[in-house]
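This chain uses plain numbering: 1 for the first residue, then up along the sequence.
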Amino acid sequence: MKDRRYNALKSYIESGAIKSFTEIFDIIPKSTIVKDSGINYVRLTNKIIHPDKFTVKDIIIISQLIDVDSRKLYDLIAAAVGKPVQKKG
């Protein structure tokens, strides 16, 4: 069964409430996306820090999990390229 947080995330992305790619992980943990996508945890973490490393395949897989148009996810990732990642804590 799909994690219910994906539905919340979809609503936030479609409404424009999510302004940056890293905000996705405030809603749903990386570990959940890793488990559901099959993307390695270390690789996903590296791609979050260096968003230019995301592949089209990664974007499609994650957008299917969230059930949003892959172009919306791409736009968030593309906007993150070149921006420093905010560290939590």
Side-chain angles (χ1 to χ4, degrees):
M1 184 168 180
K2 193 164 138 178
D3 192 304
R4 287 183 284 164
R5 291 174 286 194
Y6 286 119
N7 292 331
L9 185 55
K10 175 183 179 177
S11 296
Y12 289 132
I13 290 172
E14 291 182 342
S15 72
I18 298 280
K19 302 286 187 215
S20 72
F21 177 67
T22 56
E23 288 180 55
I24 288 172
F25 306 101
D26 293 336
I27 309 297
I28 193 159
K30 286 186 283 186
S31 58
T32 301
I33 292 177
V34 163
K35 178 177 64 87
D36 295 339
S37 70
I39 299 170
N40 176 281
Y41 188 88
V42 173
R43 286 195 190 112
L44 180 61
T45 301
N46 188 44
K47 290 174 183 190
I48 292 166
I49 296 168
H50 305 284
D52 56 314
K53 305 280 188 210
F54 274 97
T55 65
V56 171
K57 183 179 178 182
D58 296 331
I59 294 168
I60 290 170
I61 289 169
I62 296 170
S63 67
Q64 287 174 341
L65 288 173
I66 302 169
D67 193 26
V68 294
D69 188 307
S70 58
R71 289 171 289 198
K72 289 187 183 210
L73 188 61
Y74 169 81
D75 289 344
L76 288 171
I77 292 169
V81 173
K83 290 185 179 179
V85 174
Q86 298 293 321
K87 301 266 185 199
K88 289 187 181 182

Going from [atom1] on [X] to [atom2] on [Y], what distance comes out if it is rounded to the nearest 0.5 angstrom?
| X | Y | atom1 | atom2 | value |
| --- | --- | --- | --- | --- |
| Ile59 | Gln64 | CD1 | CD | 12.0 Å |
| Ser20 | Asp26 | OG | CG | 7.5 Å |
| Ile39 | Ile33 | CD1 | CD1 | 8.0 Å |
| Ile49 | Thr22 | CD1 | OG1 | 11.5 Å |
| Ile27 | Ile13 | CD1 | CD1 | 9.0 Å |

What are the two closest heavy atoms between [X] and [Y], and how far apart are they?
| X | Y | result |
| --- | --- | --- |
| Ser37 | Ile61 | CB-CG2, 3.6 Å |
| Ala80 | Phe21 | CB-CB, 4.2 Å |
| Tyr6 | Thr32 | OH-O, 3.7 Å |
| Phe25 | Lys30 | CD2-CG, 3.6 Å |
| Ile77 | Pro51 | CG2-O, 3.6 Å |

Applying side-chain hydrogen bond (donor to acceptor under 3.5 Å, both in side chains), which residue pairs with at least one partner in residues 70-79 are found, sequence neighbours left out?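 Sorted result for residues 70-79: Asp69-Arg71.
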Mind checking side chain to side chain contact (heavy atoms under 4.5 Å, CB included) for Lys19 and listing every partner two or more places apart, or none if nothing turns up?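 Glu23.
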Close side-chain approach of Ile66 and Ile28, heavy atoms under 4.5 Å: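 No, their side chains stay 4.5 Å or more apart.
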Checking one residue: Ile60. Which other hydrophobic residues are in its cluster under the side-chain 4.5 Å linking rule?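 Once heavy-atom contacts under 4.5 Å are chained together, Ile60 belongs with Val56.
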ILVMFWY network linking Val81 to Ile24, side-chain heavy atoms under 4.5 angstrom: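 Unlinked, Val81 and Ile24 end up in two clusters.
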Backbone N/O of Arg43 and side chain of Asn46: donor-acceptor pair under 3.5 Å: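 Not at all, since once roles are kept as given, no pair shorter than 3.5 Å links the two residues.
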Applying the side-chain contact (heavy atoms from CB on, under 4.5 Å) test to Lys2, which of Asp36, Asp67, Leu65 qualifies?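 The passing option is Asp67.
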